[in-house]
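As structure tokens, the structure follows; a few thoughts come after it.
Treat the numbers as computed from the prediction; the structure is a model and nothing was measured. Chain identifiers are assigned alphabetically (A, B, ...) following the order of the sequence lines, protein sequences preceding nucleic acid strands; residue numbering begins at 1 within each chain.
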Amino acid sequence: MQHWLMKTEPSTFGIDDLERAPRHRTSWDGVRNYTARNFLRDSMKRGDQAFLYHSSCETPGVAGIMEIVKEGYPEEEVPWFKVDVKLVRRFDRIVTLATLREHESKELRGMLLLQRGNRLSITPVETAHWKFILSLA
DNA sequence: GCCAACGTTGGC
DNA sequence: GCCAACGTTGGC
């Protein structure tokens, strides 16, 4: 199983919205970047888990865990792709970006989210990083 | 609101 | 293929 991190702006769609969605499920669409699209289309597999990350908000950070329940399929707008996800677990508290940064040079060294200038909305997460962030949650 | 980083566009 | 201009992201 692979792990991922998927960004969303909570003012548009956040963990509250996912929790309220029918069966805690939603289509993860609107991704408009080719690298991220390729992850959606080619690499994400059913059963993979992903951190739901809140960006562009008061407290950026990881809000919970989702599972991929439907692999990549086309959006109506060519050439973009989406997957379906469901909420697995909502963290009691957000694991904030500030907290992640505290471990940037040790446990989370090399994490793509923390790399300078990274704007990619979907990134793979190394298993060691995944486990460590879970331990913070 | 600012601005660094970086992706995309389009003329050549 | 180059690269300047422009648009977007996202933390602060």
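- A:R116 comes within contact range of the sugar-phosphate backbone alone, with a heavy-atom separation under 4.0 Å but no base atom that close.
- For the atom pair CD1 (A:I122) and OG1 (A:T35), the distance works out to 10.5 Å, reported to the nearest 0.5 Å.
- Residues A:K82 and A:S27 come closest through the heavy atom pair CD-CB, 4.3 Å.
- For the pair A:E75 and A:R32, the salt-bridge criterion is met [side-chain N within less than 4.0 Å of a carboxylate O].
- Note: A:W130 and A:H3 have parallel aromatic rings, judged against thresholds of 30 and 60 degrees for the angle between ring planes.
- The pair A:D16-A:R90 counts as a salt bridge, with a side-chain nitrogen and a carboxylate oxygen less than 4.0 angstrom apart.
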In the 5'-to-3' direction, what one-character label does each nucleotide of nucleotides 7-12 of chain C receive under the scheme B = base within less than 4.0 Å of a protein heavy atom, S = sugar-phosphate only, - = no such atom? BBBBSS

